[in-house]
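In what follows, every chain begins at residue 1, and chains take the letters A, B, ... in the order their sequences are listed. What's counted below: heavy atoms across the whole structure, side chains too, no hydrogens, waters or symmetry copies.
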Number of protein chains: 2
Amino acid sequence: MTIKNSNIEHFKDTLQAEGLRLTSQRIAILEDILASEEHRECDDILFSLRSNQISVSRATVYRTLEILEKGGFVRKMNIGDGRFRYENKLPKPHHDHMICLECGRIIEFVDQEIEARQVHLTKQHNFKLVRHIHQLFGICEDCQPAAANKGV
Amino acid sequence: MTIKNSNIEHFKDTLQAEGLRLTSQRIAILEDILASEEHRECDDILFSLRSNQISVSRATVYRTLEILEKGGFVRKMNIGDGRFRYENKLPKPHHDHMICLECGRIIEFVDQEIEARQVHLTKQHNFKLVRHIHQLFGICEDCQPAAANKGV
DNA sequence: TGCTTTATTGAGACTCAGTATCAATATAAA
DNA sequence: TTTATATTGATACTGAGTCTCAATAAAGCA
């Protein structure tokens, strides 16, 4: 069985466990996400599907993304510009993001010291840590020459 | 001169430097923010003003918050629920936030090790760090008994 | 002080990402 | 197949935040 098919099977099981149905739209959306390593917004996914002659409504993309997020297939991230981004979560261990303010490029990072400090700090406040957001905003290597000219 | 008046003077200077005018609405909004230690959304500030018989339009609150943010008087924060929060930034050193998923309570924290790691990590990627968001979501001490009953 | 210029205000129209509604359709189990 | 019901697509709606514009109010100047 291919990796792709095993993911579809896993999705099918997830749906069945919730009394949901496996539809061609849901499969197409999941396959599109599995085929991408990017951090995309809803319309990026919609247009990617359309470029492959797959017509799905925007509402269905949003609805499916919600199911995929709950099932652990995608990660929904808010980078503060008013639009959520979705990334294929399956092959990835936990990580946080550096976000370029110029080009929107996203660099993933993890740091065990930071992870450990978070646990330590929340314990100090008797706060039960569920999840975290750690985003470093700045200018990526490629954008620094252009940004310098603009006085950033 | 009182601390409050020195802040108003500072605000006046900031406005003048930009060719902006000192209006009663702007003063009222700044004073309301200076009097609060909370992380409030636009309407909280609007209703706080109204409870003091000060009538200002929502558009003016948004416009003034933008000026105050640029001038370093307030910090605008996105906690991921679709509404921005604004906090009085003047008396505060840099800090990040723990956010209770049950009651919305916000606990401030700083950790020099984390700050140092951020600098180290961005340097590794030749990324010019401008600002960061670090939010720890979970259940605060007060909400843990209730949350445990709901199976969180 | 009064005059003039122009920034500001308030009211409400507008934007836009995301959600809700609902009739038509498709899935899955019998 | 048939049947029950989940899903879809089209579109109306929501809500935070922004824009527009005529009326108003600062601030500099005579």
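- For the pair B:Arg40 and B:Tyr86, the cation-pi test (distance below 6.0 Å, angle within 45°) is failed.
- Contact annotation: A:Ser57 does not reach the phosphate of D:dT8 (side-chain N/O to OP1 or OP2, under 4.0 Å).
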Could you run down nucleotides 18-30 of chain D 5' to 3' and tag each one B, S or - for protein heavy-atom contact under 4.0 Å?
-> BBB----BBS---
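- If you measure from atom CG of B:Asp43 to atom P of D:dT14, you get 17 Å, rounded to the nearest angstrom.
- In this entry the distance linking CG of A:Leu49 with C1' of D:dT8 reads 15 Å, nearest Å.
- Proximity of A:Arg131 to B:Leu136: side-chain heavy atoms (C-beta onward) are nowhere separated by under 4.5 Å.
- Rounding to the nearest 0.5 angstrom, the gap separating the CD1 atom in B:Ile33 from the CG atom in B:Asn7 is 11.5 Å.
- Here the P atom of nucleotide C:dG18 and the CZ atom of A:Arg83 are 8 Å apart, to the nearest Å.
- When rounded to the nearest whole Å, the span between CG of A:Asp81 and C1' of C:dT15 equals 15 Å.
- Checked against a 6.0 Å centroid threshold, the rings of A:His94 and A:His132 count as neighbours.
- As rounded to whole Å, 18 Å separates atom C1' of C:dG18 from atom CZ of A:Arg40.
- Rounded to whole Å, the distance from CG on B:Leu65 to P on D:dA16 is 15 Å.
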Can you give me every donor-acceptor pair (side chain of residues 19-30 of chain A, partner residue at least two apart or in another chain, under 3.5 Å) with its distance?
{"unit_1": "A:Thr23", "atom_1": "OG1", "unit_2": "A:Arg26", "atom_2": "N", "d": "3.2"}
{"unit_1": "A:Arg26", "atom_1": "NH1", "unit_2": "A:Arg21", "atom_2": "O", "d": "2.7"}

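- Closest-nucleotide positions on DNA chain D for A:Thr60 and B:Cys42 were compared, and the one nearer the 5' end corresponds to A:Thr60.
- Per the geometry, CG belonging to B:Leu15 stands 19 Å off P belonging to C:dT6, to the nearest Å.
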Side-chain donor/acceptor pairs under 3.5 Å, residues 73-80 of chain B, sequence neighbours excluded:
{"unit_1": "B:Arg75", "atom_1": "NH1", "unit_2": "B:His95", "atom_2": "O", "d": "2.8"}
{"unit_1": "B:Arg75", "atom_1": "NH2", "unit_2": "B:His95", "atom_2": "O", "d": "3.2"}
{"unit_1": "B:Asn78", "atom_1": "OD1", "unit_2": "B:Gly80", "atom_2": "N", "d": "2.9"}

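- Taking atom CZ of A:Arg85 as the reference point, atom P of C:dA17 lies 10 Å away to the nearest angstrom.
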